[in-house]
Colleague: 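I'd like to ask you about the structure that follows.
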Protein chains: 2
Amino acid sequence: MNIGEVAERSGIPPKTIRYYEDIGLVRPQRSGNGYRAFRETDLHKLAFLGRARALGFSIEDCRNLLSLYEDETRESAQVKTIAEEHLSAIDDKIAQLQEMRETLSHLVEACHGDHRPDCPILKDLSGDAESIR
Amino acid sequence: MNIGEVAERSGIPPKTIRYYEDIGLVRPQRSGNGYRAFRETDLHKLAFLGRARALGFSIEDCRNLLSLYEDETRESAQVKTIAEEHLSAIDDKIAQLQEMRETLSHLVEACHGDHRPDCPILKDLSGDAESIR
DNA sequence: AATGGGGCTTCCAGTAACTGGAAGCTCAAG
DNA sequence: CTTGAGCTTCCAGTTACTGGAAGCCCCATT
């Protein structure tokens with residue numbers, strides 16, 4: 001398989017696949033013409049990567065997950081640990097975003113949003129605490 | 001004021017303040033010895049930036065907010081638009097993270113996490129749809 | 001006066017994970 | 001044989017900083 005077909009079938013753009021090779025996540029062979037020659041297992045790895053990335057795992061997490069994936073003697077606890085840490089990172093991020101959302105939506109509601117210059121959003125950002133809350 | 005004091009009072013590290021100068025967000029004067037000489041207004045702008053960044057506004061958003069902040073003839077609608085767009089970006093991000101969280105927490109729950117190699121998380125990532133969901 | 005220790009300066013490089021673009025080779029079709 | 005798509009490499013840019021090195025500057029102490 002050439003890179004185009006693999007990209008098509010894995011859903012990962014060619015550029016990204018080349019990048020993944022650069023950083024050692026996949027190691028396709030080469031044909032005589034210098035083209036990358038992907039096997040089915042490469043395709044599977046790329047699809048695996050795509051799904052793990054879609055779940056927000058970092059590249060380093062993916063590297064570890066991939067090596068666990070290929071390690072028949074792995075312990076599921078190792079995988080679970082990575083996933084749990086990622087899950088709690090996601091929770092933190094959600095909490096942080098929700099806090100932002102909270103403040104910001106109050107500000108947006110308080111701003112009449114017309115042609116006048118008076119604006120509670122700017123007032124709050126300028127440190128004028130009495131603006132909202 | 002030297003950079004150290006401004007950093008202290010604005011809560012923004014010196015490195016970051018220098019960076020903000022580089023990209024034109026603040027323009028402190030210089031003393032004879034080459035040190036940056038900050039005025040109170042610079043401090044206010046930096047504190048403004050700190051709060052806007054804490055709400056997740058991008059640097060470009062901050063640049064726009066700052067120029068609106070300094071524009072006496074602004075219309076609050078302009079500010080509100082920026083804030084609303086940011087708010088909806090935050091909402092999108094939260095939704096995406098919650099979807100990840102959902103999938104991932106199911107997987108984590110399904111993984112026994114012991115010394116055995118069998119792992120629903122890897123199974124799902126490998127594309128074996130029957131694993132969970 | 002010399003010295004020592006912060007604080008300040010600039011510049012370079014690195015981070016995460018790609019993405020765009022240029023220059024150039026290869027392959028299949030007409 | 002030419003054309004155009006697909007492939008190659010390499011370089012640069014993205015976001016918003018952050019770390020580190022080399023080297024002034026200033027103040028206090030000896």
Side-chain angles (χ1 to χ4, degrees), chain A residues 1-38 42-43 45-46 48-66 82 85-86 89-90 93 96-97 100, chain B residues 1-38 42-43 45-46 48-66 82 85-86 89-90 93 96-97 100:
Chain A
M1 267 178 288
N2 282 348
I3 201 169
E5 186 182 343
V6 181
E8 179 89 13
R9 289 175 59 188
S10 67
I12 297 176
K15 275 277 190 190
T16 305
I17 296 175
R18 294 195 192 98
Y19 170 69
Y20 286 169
E21 184 186 7
D22 270 3
I23 62 174
L25 287 180
V26 281
R27 306 183 185 285
Q29 302 184 309
R30 295 289 176 138
S31 324
N33 58 12
Y35 285 18
R36 287 169 183 80
F38 295 85
D42 295 318
L43 178 59
K45 277 169 90 167
L46 286 166
F48 180 102
L49 283 169
R51 277 180 291 262
R53 295 286 300 130
L55 284 176
F57 284 103
S58 72
I59 291 289
E60 276 324 292
D61 280 345
C62 288
R63 200 188 294 281
N64 292 325
L65 289 172
L66 214 42
I82 295 175
E85 277 168 9
H86 180 45
I90 288 176
K93 192 142 246 175
Q96 193 194 346
L97 284 171
M100 283 182 192
Chain B
M1 267 178 289
N2 283 348
I3 201 168
E5 187 183 343
V6 181
E8 179 88 15
R9 290 175 60 188
S10 67
I12 298 176
K15 275 278 191 190
T16 305
I17 296 176
R18 292 194 193 99
Y19 170 69
Y20 285 170
E21 184 186 6
D22 270 3
I23 62 175
L25 286 180
V26 280
R27 305 182 186 287
Q29 302 183 310
R30 295 289 175 138
S31 326
N33 57 12
Y35 285 18
R36 287 169 183 80
F38 296 85
D42 296 317
L43 178 57
K45 276 170 89 167
L46 286 166
F48 180 102
L49 283 169
R51 278 181 290 262
R53 295 285 303 129
L55 283 177
F57 284 103
S58 72
I59 290 290
E60 276 322 292
D61 280 345
C62 289
R63 198 188 294 282
N64 292 324
L65 289 172
L66 214 43
I82 294 176
E85 277 169 9
H86 181 43
I90 288 176
K93 192 143 246 174
Q96 193 194 346
L97 285 171
M100 283 183 192

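For the numbers below, each heavy atom of this structure counts, side chains included, while hydrogens, waters and symmetry mates do not.
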Colleague: Considering non-hydrogen atoms only, spot the tightest contact between B/F38 and B/I3 and give its length.
Modeller: CE1-CA, 3.6 Å
Colleague: Specify the closest pair of heavy atoms between A/C62 and A/R53, including all atoms of both residues, with the distance to one decimal.
Modeller: SG-CD, 3.7 Å
Colleague: NA contact type, B/F57, heavy-atom cut-off 4.0 Å: base, sugar-phosphate, or nothing?
Modeller: nothing
Colleague: Assign each of B/I59 and A/E5 to its nearest nucleotide of DNA chain D by heavy atoms, then name whichever residue's nucleotide is nearer the 5' end.
Modeller: A/E5
Colleague: Please name all residues satisfying side-chain contact (heavy atoms from CB on, under 4.5 Å) with A/R27, sequence neighbours left out, ordered by chain then number.
Modeller: none
Colleague: State whether B/E21 and B/R18 are salt-bridged, where the test is any N-O pair (Lys NZ or Arg NE/NH1/NH2 against Asp/Glu carboxylate O) under 4.0 Å.
Modeller: no
Colleague: Run through A/D22, A/I23, A/I17 and flag the one making a side-chain contact (heavy atoms from CB on, under 4.5 Å) with A/Y20.
Modeller: A/I23
Colleague: By the definition side-chain contact (heavy atoms from CB on, under 4.5 Å), identify the one residue from B/P28, B/P14, B/S31 that meets it with B/R36.
Modeller: B/P28
Colleague: Checking contacts here: which listed nucleotide (D/dC7, C/dC8, C/dA17) is nearest the side-chain heavy atoms of A/Y19?
Modeller: C/dA17
Colleague: Let me know the distance between CD of A/E8 and P of D/dC7, rounded to the nearest Å.
Modeller: 11 Å
Colleague: Check whether any side-chain nitrogen or oxygen of A/R30 sits under 4.0 Å from OP1 or OP2 of D/dC7, and answer yes or no.
Modeller: no
Colleague: Please tell me if A/Y20 has a side-chain N or O lying less than 4.0 Å from either OP1 or OP2 of C/dC18.
Modeller: yes
Colleague: Give a yes or no on whether the backbone of A/D61 and the side-chain of A/H86 come within a donor-acceptor separation of less than 3.5 Å.
Modeller: no
Colleague: For the pair made of CD1 in A/I17 and P in C/dA17, what is the distance, rounded to whole Å?
Modeller: 17 Å
Colleague: In whole Å, I'd like the distance from the CD1 atom of A/I3 to the C1' atom of D/dA5.
Modeller: 15 Å
Colleague: Round to a whole Å and report the spacing from CG of B/L49 to P of D/dA16.
Modeller: 12 Å
Colleague: What's B/R18 touching, base or sugar-phosphate or nothing? Going by heavy atoms closer than 4.0 Å.
Modeller: base
Colleague: Identify whether any heavy atom of B/P14 sits under 4.0 Å from a base atom; if not, whether one sits that close to sugar-phosphate; answer base, sugar-phosphate or nothing.
Modeller: nothing
Colleague: If you take all heavy atoms of A/L46 and A/V6, which pair is closest and at what distance?
Modeller: CD1-CG1, 3.4 Å
Colleague: Of the candidate nucleotides D/dT8, D/dA16, C/dC18, which contains the atom at the shortest distance from the side chain of B/S58?
Modeller: D/dA16
Colleague: Could you tell me the separation between the CD atom of A/E60 and the P atom of C/dA16, rounded to a whole number of Å?
Modeller: 8 Å
Colleague: Check nucleotides 25-27 of chain C against the protein and report each pair of N or O atoms closer than 3.5 Å, with its distance, or say if there are none.
Modeller:
{"from": "C/dC27", "atom 1": "OP1", "to": "A/N33", "atom 2": "ND2", "distance (Å)": "3.1"}

Colleague: Given atom CD1 of B/I23 and atom P of D/dC17, what is their separation to the nearest angstrom?
Modeller: 8 Å
Colleague: Can you measure A/I12 atom CD1 to C/dC18 atom C1' for me and round it to whole angstrom units?
Modeller: 12 Å
Colleague: Grab the CZ-C1' distance between A/R63 and C/dC18 for me, whole Å please.
Modeller: 14 Å
Colleague: Quick check: closest heavy atoms across B/D42 and B/A37, and the distance to 0.1 Å?
Modeller: OD2-O, 4.3 Å
Colleague: Let me know, please, whether A/R36 or B/K15 comes out on the 5' side of the other along DNA chain D by nearest nucleotide.
Modeller: A/R36
Colleague: Using modelled atom types and a 3.5 Å cut-off, is there a donor and acceptor pairing between side-chain atoms of A/N33 and backbone atoms of A/Y35?
Modeller: yes
Colleague: Return the angle between end axes of the helix from C/dA1-D/dT30 to C/dG30-D/dC1, with five pairs used per end and rounding to 10°.
Modeller: 30°
Colleague: It should be established whether A/T16 places a side-chain nitrogen or oxygen under 4.0 Å from OP1 or OP2 of nucleotide C/dT19.
Modeller: yes
